[in-house]
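Report on the following structure.
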Amino acid sequence: HGIPAPSAGGGGDRGKGIEEASISSRKGAKVAKGVGEGETKALRLVFLGRVAPEKGIGVLLEALRLVRTKVELDIYGIGIQGDRGERIEDRGNARVRWLPPMKPEQVVETIRKYDALVVPSLWLETGPLVVLEAFVAGVPVIGSRLGGIAEMVRDGVDGLLFQAGDSPDLAKTIEILSTKLHLLKRGVKIPESLKALAKKTLPRRFKNFIAPCSIGYIKRLPLIKSA
């Protein structure tokens with residue numbers, strides 16, 4: 001669900017990175033000043049994931065062309081063939097930057113630099129790890145109103161949801177974010193335990209179908225130590 005760069009033991013490193021970053025966040029978390037507080041700077045968005053149609057990258061790029069407020073988007077990802085998505089990149093969109101993948105342990109600290117994470121998936125995500133990483137970083141999420149994303153993101157509290165596959169609706173949601181960023185950042189709660197959060201957000205309507213594999217996944221998640 002994220003974009004681990006090719007490396008040995010990526011899953012373990014990813015979990016360790018979340019644990020360490022969460023401890024750091026709870027020790028000295030501060031709400032950063034954002035566009036919602038009257039700033040004139042551009043809203044800074046980030047996308048992490050595979051540059052593939054089912055991940056909604058095309059929907060996101062189209063939405064960026066429709067947004068009327070100041071906004072910048074950084075895309076950290078790899079394409080289906082291992083490139084950085086140049087085949088679908090809009091070279092004329094100065095709002096978009098294409099960046100190389102990062103190591104798993106760098107994900108949380110990278111997300112922390114942005115105003116919001118965008119997860120525009122078109123398919124059912126049972127529980128995208130990148131959403132948890134954004135919350136650990138204290139960053140709200142704009143996500144598709146679909147599957148596990150809609151279960152994890154509290155619309156209007158720690159993020160905003162939009163109709164999956166609807167670029168105009170996503171553009172409108174981004175514009176709303178620019179006016180509510182400060183409140184949404186305050187609404188983000190840093191997870192105390194990834195296991196507890198995963199169990200809480202397990203999509204109820206898919207429970208019978210994904211329970212066997214999901215429980216195995218939950219058992220592998222590291223506990224986050226209290227500060």
Side-chain angles (χ1 to χ4, degrees), residues 1-22 24-25 42-64 71-144 146-149 152-153 159 164 170 174 188 191 194 198 217 220-222 224:
H1 295 290
I3 49 164
S7 62
D13 291 341
R14 186 86 171 265
K16 183 178 179 182
I18 296 177
E19 178 177 350
E20 293 174 347
S22 180
S24 173
S25 295
L43 189 68
R44 300 195 68 212
L45 305 178
V46 61
F47 170 94
L48 292 87
R50 289 186 298 108
V51 180
E54 65 271 17
K55 289 296 185 178
I57 187 68
V59 174
L60 177 55
L61 291 174
E62 176 61 26
L64 260 289
V71 61
E72 297 173 353
L73 170 68
D74 284 355
I75 297 176
Y76 296 83
I78 56 175
I80 297 173
Q81 302 301 323
D83 61 24
R84 294 190 297 174
E86 285 82 357
R87 288 190 303 278
I88 60 173
E89 178 181 355
D90 179 2
R91 291 288 184 182
N93 194 341
R95 293 173 160 183
V96 181
R97 289 198 309 168
W98 295 78
L99 301 167
M102 68 194 75
K103 294 180 179 179
E105 62 271 20
Q106 297 174 324
V107 172
V108 173
E109 285 303 315
T110 297
I111 294 176
R112 204 190 304 277
K113 301 174 184 177
Y114 295 89
D115 294 314
L117 169 79
V118 186
V119 187
S121 295
L122 299 178
W123 66 357
L124 296 176
E125 304 274 5
T126 58
L129 180 58
V130 71
V131 172
L132 299 182
E133 290 168 319
F135 290 158
V136 169
V139 171
V141 175
I142 294 179
S144 299
L146 188 70
I149 299 171
M152 298 168 74
V153 177
L170 175 53
I174 291 172
V188 175
L194 289 184
Y217 168 70
R220 292 196 299 272
L221 288 174
I224 296 178

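Because the structure is a prediction, the values reported are computed rather than measured.
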request  = Mind running side chain to side chain contact (heavy atoms under 4.5 Å, CB included) on V130 and I111 for me, showing each step along the way?
outcome  = CA-CA 9 Å; V130 71; I111 294 176; 4.3 Å; yes
task = Could you give me the CA-CA distance, side-chain angles and deciding distance for V46 and K113, then say whether side chain to side chain contact (heavy atoms under 4.5 Å, CB included) is met?
result = CA-CA 9 Å; V46 61; K113 301 174 184 177; over 6 Å; no
query = Hey, mind stepping through E125 and K55 against side chain to side chain contact (heavy atoms under 4.5 Å, CB included) and telling me if it holds?
reply = CA-CA 10 Å; E125 304 274 5; K55 289 296 185 178; 2.9 Å; yes
task = Please step through side chain to side chain contact (heavy atoms under 4.5 Å, CB included) for the pair D74 and R97, ending with a clear verdict.
result = CA-CA 5 Å; D74 284 355; R97 289 198 309 168; 2.7 Å; yes
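For the atom pair I142 CD1 and L60 CG, the distance stands at 9.0 Å (nearest 0.5 Å). Summarising the geometry, atom OG1 belonging to T110 is positioned 10.0 Å from atom CD belonging to E105; distances are rounded to the nearest 0.5 Å. The distance from the CD1 atom of I174 to the CG atom of D115 is 12.0 Å, given to the nearest 0.5 Å. Atom CD1 in I75 sits 6.5 Å away from atom CZ in F47 (nearest 0.5 Å).
Residues F135 and M152 share a closest heavy-atom pair of CE1-O, 3.7 Å. The minimum heavy-atom distance linking V107 with E133 is given by the pair CG1-OE1, 3.4 Å. The two atoms that bring I57 and W98 nearest to each other are CG1-CH2, 4.5 Å, heavy atoms only. Nearest approach of S121 to L146, heavy atoms of both residues: O-CD2, 3.9 Å.
Looking at L45 and L43, their side chains come closer than 4.5 Å, going by heavy atoms from C-beta outward. In this structure, I149 and P128 have side chains that are in contact, with non-hydrogen atoms separated by less than 4.5 Å. By the 4.5 Å heavy-atom criterion applied to side chains, L61 and L64 are not counted as neighbours. Within the 4.5 Å cutoff, no side-chain heavy atoms of V139 are placed close to those of V188.
Between the S144 side chain and the L122 main chain, no donor and acceptor come within less than 3.5 Å of each other.
Salt-bridge formation is not detected for the pair K103/E109: no Lys NZ or Arg NE/NH1/NH2 atom is positioned less than 4.0 Å from an Asp or Glu carboxylate oxygen.
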